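Before any comments, here is the structure.
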Amino acid sequence: MASSPCGGGNFDCGLEIQTRSVEQTLIPLVSQITTLINHKDKLKKTEKTLRAIQRVGQAVSVAVGRFVAVGEAIAAENEDLKDEMGLACFEARRAGTAIAQLTDVSSLEQCEGDGRSTVFSDRTGMVKAARMLLSSVTKVLVLADCIVIKQIISSRNKVLVTLEQLERVSTFQEFVQIFSQFGNEMVEFAHLTGDRQNDLKDEKKRARMAAARAVLEKCTMMLLTASKTCLRHPDCESARINKEAVFQRMRLALEQVIEIVTDTRSGGEAKALPVSIYAGIKDFKVKVEGLRDSLYCVSCEAVAAQLEALVEKTEDFTDSAYTSHEQRETIIQLCQITRQETKQLISTWRHQQLLKAKEATDEVELSILKTCQSVSDLRRELHRVAVGRATELLKLHSDHLVLQALKASGGDGNLEAVADYAGTLTEHKEHLVETCRLLCHISGTEPLEITCIHAEETFRVIGPQIISAAKTLALHPTSKIAKENLDVFCEAWESQLCDMAILLKEINDVFEGRRGDKKTYLSLPRPGEQTTIAKLGLELCLLTSDVDSEVERWDEQDHEMVRLYQIISSMAYSMYLFTSVLQSLSFMKNVCSEDKTMLLLICTFCQPTQTSSNVDLFRSKPPLPSLGWNCVSSPQMWTQRWSAGTSRTTRWFGCIRSYPAWRIPCTSSPGNPLETFSETS
């Protein structure tokens, strides 16, 4: 047999794909190559079939050539990856050429006469060329993805340098200048990490990235006010402590982002999440139910030890001072029932092993069911206790009385009152931290566990920061900057309480099996909805006018219900105008004159040339005022600065990941797939 045109090269395909974009890019190519090589061994060699084979081979070869050209352009811009990228592009081009040669069967008799290999005579060569093509294309994509990681690291390094400069400033003028640069760098970093978060395949990594970016979002505003307070009151110890805590937290969040994108840790060891009760129960049930398949797959001692570890973790519930006596007794009783059922299961299990039983008997099956039921009852009770406590706690803190008292006491310069309310806030913080830990135990998924851990850490850190900010205000009660600083930290606390309420709902959804019922948020209407929205808006406008006309006929113009109806009517129509994106920016400015952040959001969404990625910051929100301040005078400048941060390599990589040349139609229908290719060529 003639030698394969692919040669004897062996290309390593052991590449780990961490992003969905790379994976989705490869799927069409895999389908096309699979369809090409999985033809029937005794395929009827009609003219139509031969023509289809040749066209598919040429299409793949041309697509590979264009793909390689983009890869070589990336290699030319990145010297450190030039050799690896060049080798991958060379292998891809060679594999594409080999496929073109093997599928060149327009004159099959001449090919057989010359002794040249074809897809019919050398199927092994075809498979080898296809594998090399997939391997080399994957490596090009992974290397291009490495360039994106380098961009994130480079952006982080710039932010760190500017952060160090901000920490050392001594004048307001210098601070404003450096902080403006810091804001631009944070916007670029936000976009890069936001795109990366959405692209990650691993749900745990996405959750960790979201937590780190949430910290950066909240700390950016804290950094502004804490630094201003420290500059205004340089001799105030509490202001200095407040500022240092913010800078330290930002550095930790930046480091966590790099750990996620590089899949490494600074200490060299991977940090494992503590095993939650939910995860332990799930693994315990898997082992117990596995006895149905084999009585010898796991040891009795391992099952007993795992149960004891689970019972030990329930001490987080039973030892809590906030757990009622009835709840504590119920949990302890359910643990005892689970122990008894497991003990009975182990006894029956060992007896069957002594009898050399090959499969589970009815007695073992009954013990398995009772054990799984008892541990499920335990989990249900723990869920009820944790969710009930969190719900009560959120209701308790809904009025934010302690924060208001701290603000008032600080504004009055009353240090004693601040100290008293600081003690109360510390108790609330410990209660919230403990509740987050309990929610982590029953969260139901690893991403939700990570979110619970993030909430716990946030409450633990922000509590003392609020107290130090309140002390600063009490020492300088006439300072507007100190008051603004305390307001920002209190708002971060309130925001975290709102996030906790959302987290609680998600945990309940998972527990009740409604995890997939979330509705996707769309900032713009779907096709065909614009007309419906306009009609509804017109009807709303007419109804608002009717309300206003009716109100004028009332004798008691200051009647409370009349006033409320009028406000609600006006608000509903204003909300329609806000969401329709059909009004001028002057109207939006009038509506949002009191909220610069909301105004920036409107201006950003009204840019016709702006893509969705341009408005995705730390939480798909617009940049905070602290990211641009007054130095950025218009949304056009934001757009220019965002687009300026996009390098040529990023644009090349975008071309690779969405390259249409791979989109050669393939078929999954029965029959001859090559005839389908012939029809679509």
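For clarity, every value in this text was computed on a predicted model and none was experimentally measured.
Summarising the local packing, NZ of Lys471 is surrounded by 12 or fewer heavy atoms from other residues, nucleotides or ligands at distances under 6.0 Å. Counted within 6.0 Å of NZ on Lys505, heavy atoms from surrounding residues, nucleotides or ligands total 12 or fewer; the atom is thus considered open. Around the NZ atom of Lys370, the shell of radius 6.0 Å holds no more than 12 heavy atoms that belong to other residues, nucleotides or ligands. Environment of NE2 in His400: crowded, with over 12 heavy atoms of neighbouring residues, nucleotides or ligands closer than 6.0 Å. For Tyr421, the OH atom sits in a loose shell: 12 or fewer heavy atoms of surrounding residues, nucleotides or ligands are nearer than 6.0 Å. Taking a 6.0 Å sphere around CD of Glu363, one finds it holds 12 or fewer heavy atoms contributed by other residues, nucleotides or ligands.
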Chi angles and distances behind the side chain to side chain donor-acceptor pair (under 3.5 Å) call for Asn508, Glu512: CA-CA 6 Å; Asn508 270 326; Glu512 296 174 7; 5.6 Å; no
Audit row: Ile17, Leu26, side-chain contact (heavy atoms from CB on, under 4.5 Å) steps and yes/no: CA-CA 10 Å; Ile17 300 174; Leu26 289 172; 3.6 Å; yes
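Looking at heavy atoms from C-beta onward, Thr391 lies in side-chain contact with Val387 at the 4.5 angstrom threshold. Side-chain contact between Ile258 and Ile149: absent, with no pair of heavy atoms (C-beta onward) separated by less than 4.5 Å. For the pair Leu200 and Ile260, the minimum side-chain heavy-atom distance is below 4.5 Å.
With hydrogens and angles ignored, the 3.5 Å screen pairs a side-chain donor or acceptor of Asn485 with a backbone N or O of Ala226. In this structure, Ser347 contributes its side chain and Lys343 its backbone to no donor-acceptor pair below 3.5 Å. Judged by distance alone, with hydrogens and angles left aside, the side-chain atoms of Thr314 form a donor-acceptor pair with the main-chain N or O of Val311 at under 3.5 Å. One N or O on the side chain of Thr451 and one on the backbone of Pro447 form a donor-acceptor pair closer than 3.5 Å.
Under the 3.5 Å distance criterion, with hydrogens and angles disregarded, no donor-acceptor pair is assigned to the side chains of Lys205 and Gln197.
Salt-bridge formation is detected for the pair Lys218/Asp499: a Lys NZ or Arg NE/NH1/NH2 atom is positioned less than 4.0 Å from an Asp or Glu carboxylate oxygen.
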